[in-house]
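Report on the structure given below.
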Amino acid sequence: MSITALDGKRFAEMVIQGANHLSANAKMVDALNVFPVPDGDTGTNMNLSMTSGAKEVKNNIQEHIGKVGVALSKGLLMGARGNSGVILSQLFRGFSKAVESKAVISGKDFANALEAGVETAYKAVMKPVEGTILTVAKDSAKKAVVAAQNSEDMIYIMEEILNEAKASLKRTPDLLPVLKEVGVVDSGGQGLVFVYEGFLAQLKGESLPVSSDLIPSMTELVSAQHHKNVQGHINTEDIVYGYCTEFMVRFEQEKVAKHPFNENTFRNDLSNYGDSLLVIADEDVVKVHIHSEQPGEVLTYGQRYGNLINMKIENMRQQHSNIVGEKHAASKPEDKQAHKEMQEYGIVTVSMGAGIAKLFKSIGAHAVIEGGQTMNPSTEDIVKAVKEVHAKKVFILPNNKNIIMAAEQAKDVAEEEIYVIPSKTVPQGLSALLAFNPSAAVDDNEASMKEALNHVKTGQITFAVRDTSIDGLEIEKDDFMGISEGKIVVKNKDKGKVAEDLLTKMLDEDSEILTIIYGEDVTEEEVANLSSYVEENFEDVEIEIHDGGQPLYSYIFSIE
């Protein structure tokens with residue numbers, strides 16, 4: 001069997017097979033994370049991102065591979081979560097751009113498109129690190145070009161790609177010392193190998209084992225958690241536009257001839273019906289998400305351009321009442337003018353734990369996205385939050401190094417003027433937010449908020465999910481670990497002992513304020529004991545204590 005050309009339908013099947021295979025092995029990818037902390041996010045992020053891309057492809061299966069590529073790119077872009085998910089989206093964004101105008105591609109076209117994807121991904125990363133998914137993608141793309149010169153057979157080319165991807169993956173510990181120290185290969189690279197294994201299996205007509213329920217269960221869990229968090233910070237009666245309305249319009253030639261479609265005009269017209277508007281269009285369809293008070297009017301407007309498909313309307317007031325346990329507020333705003341006016345500045349921040357979210361809100365955050373660790377928000381989650389704050393200029397505080405790239409990508413999607421402050425921890429985010437001055441110019445705020453990131457030290461207490469040896473420490477599963485500025489410095493079976501040892505290493509004569517944010521597994525007695533220890537041993541340090549309610553991390557320390 002020989003395949004010398006690739007059309008849209010076959011490529012769509014490759015994408016779906018690749019997504020399924022990655023999904024079935026997501027937990028294995030999670031287990032490859034270098035740090036033995038319970039964040040397990042690389043496999044989760046790549047799985048959810050690829051699933052989003054595959055879902056969009058399923059809705060747009062057709063012969064023209066360029067159009068299928070556009071759908072894949074669109075789905076990955078909006079579903080991208082974490083660094084690994086964003087890089088994956090950029091790899092296929094470049095790929096899709098390279099084949100956008102083609103109905104069918106050859107092996108050489110496929111290889112060149114993979115190289116275009118690598119170029120796009122490298123440009124998207126501020127400081128590319130070798131020994132990661134980027135290296136695996138680059139090496140396998142180079143091999144694809146060589147293979148395509150030797151044969152036109154897509155199966156042969158894909159076999160060469162996969163073989164080189166696996167070989168490159170094995171070399172990642174030689175390029176990234178921390179991988180060799182821990183004894184693992186790069187998790188993102190492994191995720192890409194699973195995708196490519198799915199591609200090859202489809203080309204050869206082979207089936208791979210998949211988990212039938214992993215994709216929907218993960219997606220539903222993430223959506224539910226984000227939805228619950230956002231709803232928890234508003235009152236039912238404050239919901240101005242009560243119906244979450246999603247639909248797609250498949251263009252009809254006769255209708256478009258009468259009402260020529262222009263994406264900007266379409267978006268501006270729909271903005272009159274509500275808020276939280278997202279519009280994504282290509283040559284065949286336009287996808288809409290909007291919060292409206294009269295969803296019927298929105299659908300009627302959409303029908304001007306074609307047939308309505310994939311419609312979903314949800315009553316957000318009813319959902320909110322169910323979530324927060326309030327009595328359903330049937331009353332609705334009498335006048336759309338009650339909707340808040342566009343403000344100059346908005347702050348969107350990411351956090352985990354109701355207490356931390358409350359803390360961010362208390363010092364000025366306008367929207368708090370549930371996220372971090374296993375629940376990294378997608379690009380679309382961030383864009384929606386940006387729109388919710390209803391501001392001309394929006395600052396985003398990711399508070400996790402694995403969310404910064406998704407936040408940066410949101411800048412390319414959102415219409416608002418967005419500034420990403422690259423906070424990597426909750427204490428950095430709090431410090432940056434306290435530096436914000438609503439009376440200052442945007443450039444001054446951006447500079448002062450970024451500068452504030454350097455004025456705080458972060459400590460964290462969590463537990464090990466496996467045995468490992470890292471940073472000179474022999475760590476056993478379920479040990480508590482003390483992390484200072486991203487490095488594991490102490491470990492012990494006793495949580496309180498680890499907290500005391502970590503603070504002893506972090507606090508010095510220049511330390512003035514210690515903020516203790518304790519998690520859901522910490523008792524008030526444990527907090528009191530730790531506070532007493534600090535008072536006895538560091539009498540000049542002022543202590544602030546907050547119930548963060550965060551999972552996974554027993555303590556988060558902020559030291560100024």
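Computed over heavy atoms, backbone and side chain alike; hydrogens, waters and symmetry mates excluded. Being a predicted model, the structure only gives us computed values, none of them experimental.
- One finds a salt bridge joining Glu119 and Lys123 here, because a Lys/Arg side-chain nitrogen approaches an Asp/Glu carboxylate oxygen to under 4.0 Å.
- For Ser362, the side chain to side chain contact (heavy atoms under 4.5 Å, CB included) partners two or more places apart in sequence, or in a different chain, are Leu359.
- Here side-chain hydrogen bond (donor to acceptor under 3.5 Å, both in side chains) pairs that include residues 428-439, with residues two or more places apart or in two chains, number zero.
- Checked against the 6.0 Å centroid threshold, Tyr553 and Tyr555 do not count as a close aromatic pair.
- Partners of Phe92 according to the ring pair (Phe, Tyr, Trp, His ring centres under 6.0 Å) rule, which considers only residues two or more places apart in sequence or in another chain, do not exist here.
- Glu416 is linked by a salt bridge (Lys or Arg N to Asp or Glu O under 4.0 Å) to Lys387, counting only residues two or more places apart in sequence or in another chain.
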Candidate pair Ser84 and Thr42, rule side-chain hydrogen bond (donor to acceptor under 3.5 Å, both in side chains), full reasoning
CA-CA 6 Å; Ser84 54; Thr42 302; 4.8 Å; no
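- No side-chain N or O of Gln90 forms a donor-acceptor pair with one of Thr120 less than 3.5 Å apart.
- For the atom pair CG of Leu192 and OG of Ser187, the computed distance is 12.0 Å after rounding to the nearest 0.5 Å.
- Evaluation of the side chain to side chain donor-acceptor pair (under 3.5 Å) rule for Ser484 yields no partner, not counting sequence neighbours.
- Sorted by first and then second residue, the salt bridge (charged side-chain N to carboxylate O under 4.0 Å, His left out) pairs involving residues 440-456 (not counting sequence neighbours) are Glu446-Lys450.
- For the salt bridge (charged side-chain N to carboxylate O under 4.0 Å, His left out) condition, the pairs that include at least one residue of residues 518-530, sequence neighbours left out, are Lys495-Asp521, Lys495-Glu526.
- Distance check: Leu397 CG to Lys424 NZ gives 14.5 Å after rounding to the nearest 0.5 Å.
- Every residue was checked against the side chain to side chain donor-acceptor pair (under 3.5 Å) condition with Ser558, not counting sequence neighbours, and none meets it.
- Note on ring orientation: taking the six-membered ring where Trp is involved, the planes of Phe436 and Tyr345 are perpendicular (angle over 60°, cut-offs 30° and 60°).
- Every side chain to side chain contact (heavy atoms under 4.5 Å, CB included) that Glu417 has, sequence neighbours left out, goes to Lys393, Tyr419.
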- Query: Checking side-chain hydrogen bond (donor to acceptor under 3.5 Å, both in side chains) for the pair Asn537/Thr504: CA distance, chi angles, key distance, verdict?
  - Reply: CA-CA 9 Å; Asn537 293 276; Thr504 298; over 6 Å; no
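- Not counting sequence neighbours, Glu512 has no partner by the side chain to side chain contact (heavy atoms under 4.5 Å, CB included) test.
- In this structure, Arg93 CZ and Ile87 CD1 are separated by 14.5 Å, a value rounded to the nearest 0.5 Å.
- With sequence neighbours left out, Ile363 forms a side chain to side chain contact (heavy atoms under 4.5 Å, CB included) with Leu430, Leu433, Leu434.
- No donor-acceptor pair closer than 3.5 Å links the side chain of Ser23 to the backbone N or O of Ala19.
- Atom CD1 of Ile369 sits about 11.0 Å away from atom CG of Asn376, to the nearest 0.5 Å.
- For the salt bridge (Lys or Arg N to Asp or Glu O under 4.0 Å) test, no residue two or more places apart in sequence or in another chain qualifies with Asp269.
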